[in-house]
Amino acid sequence: MQRPRQRRRLTGGIATSAARYVGFADADNATPIATLDPVMTLLREGHTAVIASRRAPGAHYEIEQSALRRCGGWRFRRLASRTLPGVADTQCGFKFFDGPHVRAVLDEFRIDGFAFDVEILARLVRQGEDVVEVRWTGRTYLVRRSRRGATDCAP
C-alpha cells in the first residue's frame, strides 16, 4: 500500500537530486529493467516525462490481471483521464523525468497518497511539458491498494 511517507521519500529524493534524469520503479520489479533503455533514449531526445504503459500498442501481461483488478483499473483510468486526457496508463509504476523540470513542480504538491504520480504528470502537462508512454511487457500481481486512489484523483 502506498503510504504518504513513501511519497515523501520519493519526491524528497527527486527534489534533492542534482541528476539530469530521475525516476522510480515499483519495488516488485514488474517492469523489466530493460524498459529503461527506450525510456532513456526518449529523455535524451528532449521529452520531459517517459512512463511505461500497459495500454501502449504492443503491451501485454505475462500474468493476466483479475477481473476485479481490471475493473478497478478502468475506474481509476477514467478519473485520471479528467486530469491527463492524453495519457492512457498513469499507474504503471515505472516513471522517469527530466530532472530540472520535475523538480520545478514538486513544491506545489497537494496529493500525499496513492495518486501522487498522477499529480506530477498533471503539473508537468499544465506547464506545457510532454508525457510519452512506452510499451510495457511484464508481469502483474493482485495488490491491495488504498481506496484513496479514487479520491486523490477527484477534481
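Just so you know, residue 1 is the first one in the sequence shown, and it goes up from there.
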To the nearest 0.5 angstrom, please state how far the [atom1] atom of [X] sits from the [atom2] atom of [Y].
X	Y	atom1	atom2	result
Asp130	Asp98	CG	CG	10.0 Å
Thr90	Lys95	OG1	NZ	6.0 Å
Leu121	Glu129	CG	CD	12.0 Å
Ile14	Ile120	CD1	CD1	5.0 Å
Arg20	Arg44	CZ	CZ	11.0 Å

Looking only at heavy atoms, which two atoms of [X] and [Y] are closest? And how far apart?
X	Y	result
Thr83	Ala122	CG2-CB, 3.2 Å
Gly99	Val22	CA-CG2, 4.0 Å
Thr35	Ala52	CG2-CB, 4.4 Å
Gly23	Phe97	CA-CD1, 4.4 Å
Glu133	Ser53	OE1-OG, 2.8 Å
Thr48	Leu43	O-CD2, 3.8 Å

Do [X] and [Y] land in one hydrophobic cluster if side-chain heavy atoms of ILVMFWY residues count as linked below 4.5 Å?
X	Y	result
Val118	Val125	yes
Val50	Val87	no
Val105	Leu84	yes
Tyr21	Leu36	yes
Leu106	Phe96	no

Check: Ser17 and Arg103 side chains under 4.5 Å, non-hydrogen atoms
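They are in contact (side-chain heavy atoms under 4.5 Å apart), so the answer is yes.
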Under the criterion side-chain contact (heavy atoms from CB on, under 4.5 Å), I'd like the reasoning laid out for Asp89 against Ile51: C-alpha separation, chi angles, the key distance, then a yes or no.
CA-CA 9 Å; Asp89 182 9; Ile51 64 175; 5.9 Å; no
